[in-house]
Visitor: 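Next up is a structure, given as structure tokens.
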Amino acid sequence: MKPQPPKGTRDYLPPEMARRESALATVKGVFERYGYAPLETPALERLDVLIGKYGEESDRLIFRILKRGERGKRGEVDLGLRYDLTVPLARVMATHQDLPKPFKRYQIQPVWRAERPQRGRFREFFQCDVDCVGTASMLADAEIVAILHETLTALGFRRHRLSLNHRRILSAFMDAAGVRADVRTAAIRAIDKLDKIGKEGVEKELEKSGTTGEAARHILGMLLEPETVSFEAYVAAAEKAVGASDAGRAGLEEMKQLASYLGHFGVPEEVLSFDLHMARGLDYYTGPIYEALIPEAGLGSVGGGGRYDFLIAQLGGPDLPATGASFGLERLIALKAEQEEVPPAAYSQVLVAVYDETVLAEGLAAAAELRAAGLKAEIYLEPQAKLGKQFSYADAKGIPFVVVVGPEELARDVVQLKELASREQREVPRAELTAALAALVAKL
RNA sequence: GUGGGCGUAGCUCAGUCGGUUAGAGCGCCAGACUGUGGAUCUGGAGGUUGGGGGUUCAAGUCCCCUCGCCCACCCCA
């Protein structure tokens, strides 16, 4: 038995945490600049809150927790680990009905899915959610999409794509094609794979799922090639696809408004792709849906979202429209790491190395003084250790500076200050240490 | 849940037609450099070969079971 974290989960060691925290700061920065405020909720939710919101497939992937005591021994279950952050938000809106609307919150916490892990897929991963509750305006949807774009840009991505569609258009599309009600979900799933398997693949999938003949031909005839699709082409196709359906036409009107707002938010057309086939898996979406992709990644989407106008009411809350999106932090970081080689930042800026215990008091005083000035300073915790060992510790941890406190220096009231990368060392008067180091750190 | 691949030192791996004390590189620890890191050299620690059973004179190697990891599907961030 090897001590390992559970399947599909990971330890985040300090160098990894440096990368995560830097990415998190970027993401939070964008969210907060748009006026979204942080929210956290428990890892656990009552099972009845979680079940029946995502779809049958996903319900099976919810981690369930046995009841405590006798009932648990009989296999009874009443709690589950949260599967995403949207349902917990909807539950919060039902719980705290006096929150000012529109309620704009972001939430960055782990979620759990009882899946079999794979590349880019974990059983525990962090989602970065931004949502706006309490308005049906397409302005809110446009803002969410703009945030998706701005976040990816701020993280350094240049070739991302935002795929957009609308659930009601999709619905009307299926109706107009004459897809049987019982295979409709399967048909939607089939066309959602267009990007991955192409038109021929979709045709096979449709067949497999029970959509054939006229209906299949109608669907395939409407699908546009899976590269970036212009809004004009989408509108033309969607108008035909939805036929006379009122709901479909209403959806199309919303998409027109959304597209126009996106222009005002400054989202460049090149990153937008309007895709009649894009579906999203979760059941609770009711309006516009979005998906963020890094085309060459081969990891699936890095983010997605959409409007879910009935979810809060479904949980017994008020009838509040809502929209939002979320990023998968691990995927973003994995792709970012591929793009650029960022040396992991050291947590300490300076190590105070003491020659021996006779100067330990001086070393501790120097470290304290550096910390008081706001520098991240640590002292080597074994004062009898040789200087060589203390230096290699600093080197291994990537600490950029070492201050040597020794008897010779003490006699002359100075310390040695060395920058490891350049190997430059100079002697500075003890009284000037903090100022000298602060200046050097500022230049890094 | 379905299908496939792989488990040898902390990490990456080697280990022949089964053959006797299971190896290397990296990392780690110590020393060479008697107040200074990354380089080089020397030495050292570290393995119930994932676990259990079987075949055999003999199993890291072959067979079965089990556990774990990886990849793909389903689905998704």
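Each chain gets a letter, A, B and so on, in the order its sequence line appears, and its residues count up from 1.
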Visitor: To the nearest angstrom, how far is A:Phe391 atom CZ from B:A39 atom P?
Guide: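 Result: 16 Å.
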Visitor: Determine which bases of RNA chain B form Watson-Crick or G-U wobble pairs with both distances under 3.5 Å, and write the result as a 5' to 3' dot-bracket string with | for other-strand partners.
Guide: (((((((..((((.....[...)))).(((((.......))))).....(((((..]....))))))))))))....
Visitor: Quick one: label A:Phe122 by what it contacts on the DNA or RNA (base, sugar-phosphate, nothing), any heavy atom closer than 4.0 Å.
Guide: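 The answer is base, as A:Phe122 lies within the cut-off (heavy atoms under 4.0 Å) of a base atom.
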Visitor: Return yes if a side-chain donor-acceptor contact under 3.5 Å exists between A:Glu382 and A:Tyr393, otherwise no.
Guide: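 No, A:Tyr393 and A:Glu382 have no side-chain donor paired with an acceptor closer than 3.5 Å.
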Visitor: Tell me the interatomic distance from A:Arg119, atom CZ, to B:C73, atom C1', rounded to whole angstroms.
Guide: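 My rounded result for the distance is 14 Å.
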Visitor: Search all heavy atoms of A:Arg64 against all heavy atoms of A:Asp59 and return the closest pair with its distance.
Guide: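 Closest approach of A:Arg64 to A:Asp59: NH2-O, 2.8 Å.
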Visitor: Rounded to whole angstroms, how far apart are CD on A:Glu291 and C1' on B:C75?
Guide: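 About 12 Å, once rounded to whole Å.
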Visitor: Work out which heavy atom in A:Asp131 is nearest to a heavy atom in A:Gly324; give both atom names and the distance.
Guide: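 So the minimum-distance heavy-atom pair works out to OD2-CA, 3.1 Å.
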Visitor: Which nucleotide wins on minimum distance to the side chain of A:Ser326, given the candidates B:G37, B:A77, B:C75?
Guide: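 From the listed options, B:A77 comes nearest.
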Visitor: Could you report the tightest heavy-atom contact between A:Ala190 and A:Leu206, atom names first, then the distance?
Guide: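 It is CB-CD2, 3.8 Å.
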Visitor: Specify the separation, in whole Å, of atom CG of A:Asp84 and atom C1' of B:C75.
Guide: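 So the two atoms are 14 Å apart, to the nearest Å.
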Visitor: In whole angstrom, what separates A:Lys7's NZ from B:C69's P?
Guide: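 One finds 5 Å between P of B:C69 and NZ of A:Lys7, rounded.
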Visitor: Any base atoms under 4.0 Å from A:Gly120, or only sugar-phosphate, or nothing? Heavy atoms, all strands.
Guide: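 Base: the residue A:Gly120, judged by heavy atoms under 4.0 Å, touches a nucleobase.
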Visitor: Find the distance A:Lys397:NZ to B:G27:C1' and express it as a whole number of Å.
Guide: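 My rounded result for the distance is 18 Å.
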Visitor: Name the nucleic acid region contacted by A:Phe327, choosing base, sugar-phosphate or nothing; use a 4.0 angstrom heavy-atom cut-off, strictly under.
Guide: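 Nothing, no heavy atom under 4.0 Å.
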Visitor: Among the nucleotides B:G38, B:C75, B:A77, which one has an atom lying closest to any side-chain atom of A:Arg189?
Guide: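 Nearest to the side-chain atoms of A:Arg189, counting from C-beta on, is B:C75.
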Visitor: Using the C1' atom as the reference point in each nucleotide, state the distance between B:U55 and B:G1 in Å, no decimals.
Guide: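 Nearest-Å result for B:U55 against B:G1 at atom C1': 35 Å.
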Visitor: If I pick the P atom on B:U42 and the same atom on B:U36, what distance separates them, to the nearest angstrom?
Guide: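 So the two P atoms sit 23 Å from each other.
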Visitor: If we ignore hydrogens and angles and just use 3.5 Å, is the side chain of A:Glu45 paired with the main-chain N or O of A:Arg82 as donor and acceptor?
Guide: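 Such a contact is absent between A:Glu45 side chain and A:Arg82 backbone.
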Visitor: Say whether A:Glu330 and A:Tyr12, considering side chains only, have a donor N or O and an acceptor N or O under 3.5 Å apart.
Guide: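 Checked: A:Glu330/A:Tyr12 side chains pair up, N/O donor to acceptor below 3.5 Å.
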Visitor: Has A:Arg33 got a side-chain atom pairing as donor or acceptor with A:Lys28's backbone, closer than 3.5 angstrom?
Guide: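 Looks like no, no N/O pair under 3.5 Å.
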Visitor: Is the shortest side-chain N/O distance from A:Arg280 to OP1 or OP2 of B:C75 below 4.0 Å?
Guide: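 Looking at the OP1 and OP2 atoms of B:C75, neither is under 4.0 Å from any side-chain N or O of A:Arg280.
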Visitor: Would you list the protein and nucleotides 29-32 of chain B atom pairs, both N or O, that sit under 3.5 Å from each other?
Guide:
{"from": "B:A30", "atom 1": "OP1", "to": "A:Lys389", "atom 2": "NZ", "distance (Å)": "3.1"}
{"from": "B:G31", "atom 1": "OP1", "to": "A:Lys386", "atom 2": "NZ", "distance (Å)": "3.3"}

Visitor: Mind checking the C1' distance from B:G60 to B:A9? Whole angstroms is fine.
Guide: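 Result for the C1' pair: 14 Å, nearest Å.
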Visitor: Regarding A:Arg113 and the six-membered ring of A:Tyr54, is the cationic atom NZ or CZ under 6.0 Å from the ring centre and inside 45° of its axis?
Guide: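 Judged by the rule (NZ or CZ under 6.0 Å from the ring centre, within 45° of its axis), A:Arg113 is not positioned above A:Tyr54.
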Visitor: Indicate yes or no for a side-chain donor-acceptor contact from A:Thr26 to the backbone of A:Leu155 under 3.5 Å, with no hydrogens or angles considered.
Guide: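 Looks like no, no N/O pair under 3.5 Å.
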Visitor: Pick the nucleotide of RNA chain B nearest each of A:Pro5 and A:Ser58; which residue has the one closer to the 5' end?
Guide: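 Closer to the 5' end of RNA chain B: A:Pro5.
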Visitor: Classify the side-chain pair A:Asp141/A:Tyr261 by whether it contains a donor and acceptor separated by less than 3.5 Å.
Guide: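 Looking only at side-chain atoms, A:Tyr261 and A:Asp141 do not form any donor-acceptor pair under 3.5 Å.
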Visitor: Check if the side chain of A:Arg331 and the base of B:C76 share a donor-acceptor pair of N or O atoms closer than 3.5 Å.
Guide: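 For A:Arg331, whose side chain was compared with the base of B:C76, there is a donor-acceptor pair (under 3.5 Å).
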Visitor: Rounded off to whole Å, could you give me the CG-to-P distance for the A:Asp59 and B:G1 pair?
Guide: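 Taking atom P of B:G1 as the reference, CG of A:Asp59 is at 17 Å.
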Visitor: Would you say the side-chain atoms of A:Glu124 pair up with the backbone N or O of A:Gly8, donor to acceptor, closer than 3.5 Å?
Guide: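 Checking the backbone N and O of A:Gly8 against the side chain of A:Glu124, no donor-acceptor pair under 3.5 Å is found.
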Visitor: So which one's nearest nucleotide on RNA chain B is more toward 5', A:Ser422 or A:Arg60?
Guide: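 It is A:Arg60 whose nearest nucleotide is closer to the 5' end.
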Visitor: On a whole-Å scale, what distance lies between the P atoms belonging to B:C70 and B:C64?
Guide: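 Result for the P pair: 24 Å, nearest Å.
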Visitor: Please measure how far the C1' atom in B:G68 lies from the corresponding atom in B:C76, and state the result in whole Å.
Guide: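 To the nearest whole Å, 24 Å.
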Visitor: For A:Tyr355 and B:G35, say yes or no: do the ring centres fall under 5.5 Å of each other while the ring planes differ by less than 30°?
Guide: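 No, A:Tyr355 does not stack on the base of B:G35, since the centre distance and plane angle fail the 5.5 Å and 30° test.
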Visitor: Between A:Asn165 and A:Met278, is there a donor-acceptor pair closer than 3.5 Å when you use the side chain of the first and the backbone of the second?
Guide: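 Here the side-chain-to-backbone pair exists.
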Visitor: Using a cut-off of less than 4.0 Å, is there contact between a side-chain N or O of A:Lys196 and OP1 or OP2 of B:A72?
Guide: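 Answer no for this pair, as no side-chain N or O of A:Lys196 is under 4.0 Å from OP1 or OP2.
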Visitor: Between A:Gln118 and B:A72, is there a side-chain N or O to OP1/OP2 distance below 4.0 Å?
Guide: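 Answer yes for this pair, as a side-chain N or O of A:Gln118 is under 4.0 Å from OP1 or OP2.
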Visitor: Taking atom C1' in both B:G7 and B:U49, what distance in whole Å separates the two?
Guide: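 B:G7 and B:U49 have their C1' atoms separated by 10 Å.
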Visitor: Starting at CG of A:Leu387 and ending at C1' of B:U34, how long is that distance when rounded to a whole Å?
Guide: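 One finds 13 Å between C1' of B:U34 and CG of A:Leu387, rounded.
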Visitor: Does any residue of residues 400-418 of chain A have a heavy atom under 4.0 Å from RNA chain B, and if so, which ones, in number order?
Guide: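 Here the set is A:Val404, A:Glu408, A:Glu409, A:Gln416, A:Lys418.
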Visitor: Assess, by modelled atom type and distance only, whether the side chains of A:Tyr284 and A:Gln314 contain a donor and an acceptor separated by less than 3.5 Å.
Guide: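 No, no side-chain donor-acceptor contact under 3.5 Å.
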Visitor: Do the side chains of A:Glu369 and A:Arg430 get close enough for a salt bridge, i.e. N-O under 4.0 angstrom?
Guide: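 Looking at A:Arg430 together with A:Glu369, the answer is yes, because their closest N to O distance falls below 4.0 Å.
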Visitor: Mind checking the P distance from B:G31 to B:G23? Whole angstroms is fine.
Guide: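 Straight-line distance between the two P atoms is 28 Å.
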Visitor: For A:Leu282, which contact category applies under a 4.0 Å heavy-atom criterion: base, sugar-phosphate, or nothing?
Guide: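 Here A:Leu282 touches the backbone only, sparing every base.
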Visitor: Between B:G5 and B:G47, how far apart are the two P atoms, rounded to whole Å?
Guide: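 After rounding to an integer number of Å, I get 32 Å for this pair.
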Visitor: What parts of residues 423-434 of chain A reach RNA chain B, counting only heavy atoms under 4.0 Å away?
Guide: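 Output list: A:Arg423, A:Gln425.
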Visitor: Strictly below 4.0 Å, N to O, side chains only: are A:Glu205 and A:Lys208 in salt-bridge contact?
Guide: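 Yes, charged N to carboxylate O under 4.0 Å.
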Visitor: May I ask you to list the residues of residues 105-116 of chain A, by number, that have any heavy atom positioned under 4.0 Å from an atom of RNA chain B?
Guide: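 Heavy-atom contacts with RNA chain B come from A:Arg113, A:Glu115, A:Arg116.
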Visitor: Are A:Glu143 and A:Lys104 ion-paired here, with the side-chain N under 4.0 Å from a carboxylate O?
Guide: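 So A:Glu143 pairs with A:Lys104 through a salt bridge.
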Visitor: For the residue pair A:Thr86 and A:Tyr285, confirm or rule out a side-chain donor-acceptor distance under 3.5 Å.
Guide: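 No, no side-chain donor-acceptor contact under 3.5 Å.
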Visitor: Give every residue pair that meets the salt bridge (Lys or Arg N to Asp or Glu O under 4.0 Å) criterion with at least one member in residues 350-364 of chain A, sequence neighbours excluded.
Guide: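 Sorted result for residues 350-364 of chain A: empty, none.
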Visitor: Any side-chain to backbone donor/acceptor pair from A:Arg331 onto A:Ser301? Under 3.5 Å, distance only.
Guide: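 A pair under 3.5 Å: yes.
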